[in-house]
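Contents: one structure, followed by commentary.
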Amino acid sequence: MINQTIKNAIKDNNEEMIQIRRQLHSEPELSWEEFQTSQFVYDYLTELGIEARKTEPTGVIGELKGGKEGKTVALRADMDALSVEELNVDLPYKSKELGKMHACGHDAHTSMLLAAAKALASVKAEIPGNVRFIFQPAEEVATGAKAMVEQGAVAGVDDVFGIHIWSQSPSNTVACNPGASFASADIFKVHFKGQGGHGAIPQACIDAAIIASSFVMNLQSVVSRTIDPQQAAVVTVGKMVVGTRFNIIAENAEIEGTVRCFDPATRDHIENQLQVYADNTAAIYGGSAEVEYIRGTQAVINGAESAQLVQQVASEAFGENSIYDEKPTMGGEDFSFYLDEVPGSFALVGSGNPDKDTQWAHHHGKFNIDEDAMATGAELYAQYAWSFLTKQ
């Protein structure tokens, strides 16, 4: 199943891949601003002889047509950076953009997929089918994948596969379990309205701070008392803005938070309960509530056949010890929008190495990757495509 020419190509182009990653890391672009990155990707694919097209405003789709008839498999990488100040001050390729950095590994994803494209192009004549390369913007704001789908990214595709570098796991390990992988990720906003007044005359007021505080405390019972304990769910209030001055009773309170779960019915239930809890908490104190619920990413649910193929490919390419079980995470990933359209899976490739100081959490200012792990990711991309298209 493993193609030795692909393996050799990844090895031969490893230094170029690392240099590309370092260039992208030093020149980060935020969601929907990936103009320079997408142009680089487009030019690179074109030079390989891979037909490429840009999507609006900053995505790229490449199509490698094999020498034989067959199915189409899609490989996806995301390209956007984060509004995070880089704290790796001694890094020779540190971010040149103040307040922006690749703090999640998307620079590595893009570089790995370009290396995979180059390796697959070297065996183009032998490929029975087509490989589509999806270079996606705006994953960090959970809107890029949906936009790519709407612009035909997975039209005619039989299977889709994606990778995320994972600093919490040892370098060069691979995890891709069938079933739940990443949770759905939604946003809620609640506006509480009371009646302001002098802090010394509370009886004449309706205190929005009290309403909001009660809501935050009561809200946790949605998970602990209204959901089956075997259905994982998280409701987090991350922001509260209340009042204007120390001696004025607050008339308004604004709360923002997130909901994470894997089960669609649980998701619907929490959305409904947010409204119920907000209305009833406000009513106790004589105030009112307005709730806005914004659905973000779906849950990433790996298909059993695809996930098993990932494990088989990883075992043959890197050895059985490379595979590990990773518990589902409450983190969100908009790769889910591709899986809503076609079968596939999403794998994690470990890049955590304390000896190289690459064990920092994603989205931290000191996040970095063990670049030795990139060869594993690039080969996994390419060998998965090869294996999917050549399997009986």
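Only heavy atoms go into these numbers, but all of them, side chains included; no hydrogens, no water, no symmetry mates. Everything quoted here is computed from the prediction, not taken from an experiment.
Looking at Asp207 and Tyr285, their side chains never bring a donor and an acceptor atom within 3.5 Å of each other. Counting only N and O atoms by type, the side chains of Glu27 and Gln36 include a donor and acceptor under 3.5 Å apart. No side-chain donor-acceptor contact under 3.5 Å links Asp370 and Thr358. For the residue pair Thr58 and Glu34, a side-chain donor N or O sits within less than 3.5 Å of a side-chain acceptor on the partner. Of the N and O atoms on the side chains of Thr173 and Trp166, not one donor lies less than 3.5 Å from an acceptor on the other residue.
The salt bridge (charged side-chain N to carboxylate O under 4.0 Å, His left out) check on Glu86 picks up nothing, with sequence neighbours excluded. Residues passing the side-chain hydrogen bond (donor to acceptor under 3.5 Å, both in side chains) test with Glu251 are Lys193, sequence neighbours excluded. Under the side-chain hydrogen bond (donor to acceptor under 3.5 Å, both in side chains) criterion, Asp325 pairs with no residue at all, not counting sequence neighbours.
Minimum heavy-atom separation, Ser224 to Ser221: OG-CA, 3.2 Å. Of all heavy-atom pairs between Glu140 and Ser31, the closest is CB-OG, 3.8 Å. Nearest heavy-atom pair across Pro137 and Met79 is N-CE, 4.0 Å. Summarising the geometry of Gly332 relative to Thr297, their closest heavy-atom pair is CA-OG1, 4.1 Å, with the distance given to 0.1 Å. Here the closest non-hydrogen pair linking Gly194 and Ala208 is N-CB, 4.3 Å. The two residues Glu326 and Tyr324 make their nearest non-hydrogen contact at OE1-CE1, 3.0 Å.
Interatomic distance, Ser184 OG to Ile270 CD1, rounded to the nearest 0.5 Å: 8.0 Å. Put simply, CG on Asn88 and CG on Asp357 are 7.0 Å apart, with the number rounded to the nearest 0.5 Å. Rounding to the nearest 0.5 Å gives a distance of 11.5 Å between CD of Glu47 and OH of Tyr42. Interatomic distance, Asp186 CG to Arg267 CZ, rounded to the nearest 0.5 Å: 4.0 Å. Note that the CD atom of Glu256 and the NZ atom of Lys189 stand 5.0 Å from one another [nearest 0.5 Å]. In this structure, Glu139 CD and Leu82 CG are separated by 8.5 Å, a value rounded to the nearest 0.5 Å.
His191 places no side-chain N or O within 3.5 Å of a backbone atom of Asn252 that could act as its donor or acceptor partner. Proximity of a side-chain donor or acceptor of Ser26 to a complementary backbone N or O of Gln23 within less than 3.5 Å is detected. A donor-acceptor distance shorter than 3.5 angstrom exists from the side chain of His362 to the backbone of Ser167, with no hydrogens or angles considered. Side chain of Ser111 to backbone of Arg21: a donor-acceptor contact under 3.5 angstrom is found. Between the side chain of Arg22 and the backbone N or O of Tyr93 there is no donor-acceptor pair closer than 3.5 Å. Of the possible donor and acceptor atoms, none in the side chain of Ser315 sits under 3.5 Å from a partner among the backbone N and O of Gln311. One N or O on the side chain of Ser38 and one on the backbone of Phe35 form a donor-acceptor pair closer than 3.5 Å. One N or O on the side chain of Ser336 and one on the backbone of Gln298 form a donor-acceptor pair closer than 3.5 Å.
Considering only heavy atoms from C-beta on, Leu339 stays 4.5 Å or farther from Ile301 through its side chain. Between Phe133 and Val41, every side-chain heavy-atom pair lies at or beyond the 4.5 Å cut-off. Contact of the Val313 side chain with the Leu380 side chain is registered, since non-hydrogen atoms from C-beta on lie closer than 4.5 Å. Residues Ile20 and Phe40 form a side-chain contact, since some pair of their non-hydrogen atoms from C-beta on lies under 4.5 Å apart. Counting only heavy atoms from C-beta outward, the side chains of His102 and Phe367 never approach each other to under 4.5 Å. Residues Ile6 and Gln383 are in side-chain contact: their nearest non-hydrogen atoms beyond the backbone lie under 4.5 Å apart. Counting heavy atoms from C-beta outward, Ile206 and Phe192 have side chains that stay 4.5 Å or more apart. No side-chain heavy atom of Glu305 sits under 4.5 Å from any side-chain heavy atom of Pro343.
Within a 6.0 Å sphere centred on CE of Met1, heavy atoms belonging to other residues, nucleotides or ligands number more than 12. Remark: Asn321 CG is loosely packed, at most 12 non-hydrogen atoms of other residues, nucleotides or ligands lying under 6.0 Å away. The local environment of CD in Glu290 is sparse, with at most 12 non-hydrogen atoms from other residues, nucleotides or ligands closer than 6.0 Å. Environment of CD in Glu254: crowded, with over 12 heavy atoms of neighbouring residues, nucleotides or ligands closer than 6.0 Å. The environment of Lys124 atom NZ is sparse: at most 12 non-hydrogen atoms of other residues, nucleotides or ligands sit within 6.0 angstrom.
Residues Lys7 and Glu379 are paired through a salt bridge, judged by an N-O separation under 4.0 Å between the basic side chain and the carboxylate. Salt bridge status for Glu371 with Lys356: absent, with no side-chain N to carboxylate O gap under 4.0 Å. The residues Arg295 and Asp268 are annotated as salt-bridged, a charged nitrogen and a carboxylate oxygen being separated by less than 4.0 angstrom. Here Glu341 does not pair with Arg76 in a salt bridge; the nearest charged N to carboxylate O distance is not below 4.0 Å.
Within the structure, side chain to side chain donor-acceptor pair (under 3.5 Å) pairs that include any residue of residues 228-241 do not occur (at least two apart or interchain).
Hydrophobic clustering (ILVMFWY, side-chain heavy atoms < 4.5 Å, transitive): Tyr277 and Met240 are in one cluster. Leu75 is connected to Leu24 through a chain of hydrophobic side-chain contacts under 4.5 Å among Ile, Leu, Val, Met, Phe, Trp and Tyr, so both are in one cluster. Placement of Ile284 and Met217 in two distinct hydrophobic clusters is found when ILVMFWY residues are connected by side-chain heavy-atom separations under 4.5 Å, directly or transitively. No continuous path of ILVMFWY side-chain contacts below 4.5 Å connects Val310 to Leu348, so the two sit in separate hydrophobic clusters.
Residues near Trp360 contribute nothing to a hydrophobic cluster around it, because no ILVMFWY side-chain heavy atom sits closer than 4.5 Å to its side chain.
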Can I get a per-line list of side-chain donor-acceptor pairs under 3.5 Å for residues 148-164, giving both atom names and the distance, sequence neighbours left out?
unit_1: Gln151; atom_1: OE1; unit_2: Glu56; atom_2: N; d: 2.7
unit_1: Gln151; atom_1: NE2; unit_2: Glu56; atom_2: O; d: 2.8
unit_1: Gln151; atom_1: NE2; unit_2: Ala147; atom_2: O; d: 3.4
unit_1: Asp158; atom_1: OD2; unit_2: Thr72; atom_2: N; d: 2.8
unit_1: Asp159; atom_1: OD1; unit_2: Tyr384; atom_2: OH; d: 2.6
unit_1: Asp159; atom_1: OD2; unit_2: Tyr384; atom_2: OH; d: 3.4

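Of the residues listed (Asp80, Thr110, Asp334), the one engaging Gln136 in a side chain to side chain donor-acceptor pair (under 3.5 Å) is Asp334, and it is the only one. Checking Asp372, Thr376, Ile369 one by one against Ser351, the side-chain contact (heavy atoms from CB on, under 4.5 Å) holds for a single residue, Ile369.
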Report the C-alpha separation of Leu274 and Phe215 in whole Å, then their side-chain angles, then the decisive distance to 0.1 Å, and conclude whether the side chain to side chain contact (heavy atoms under 4.5 Å, CB included) test is met.
-> CA-CA 9 Å; Leu274 277 164; Phe215 173 77; 4.0 Å; yes
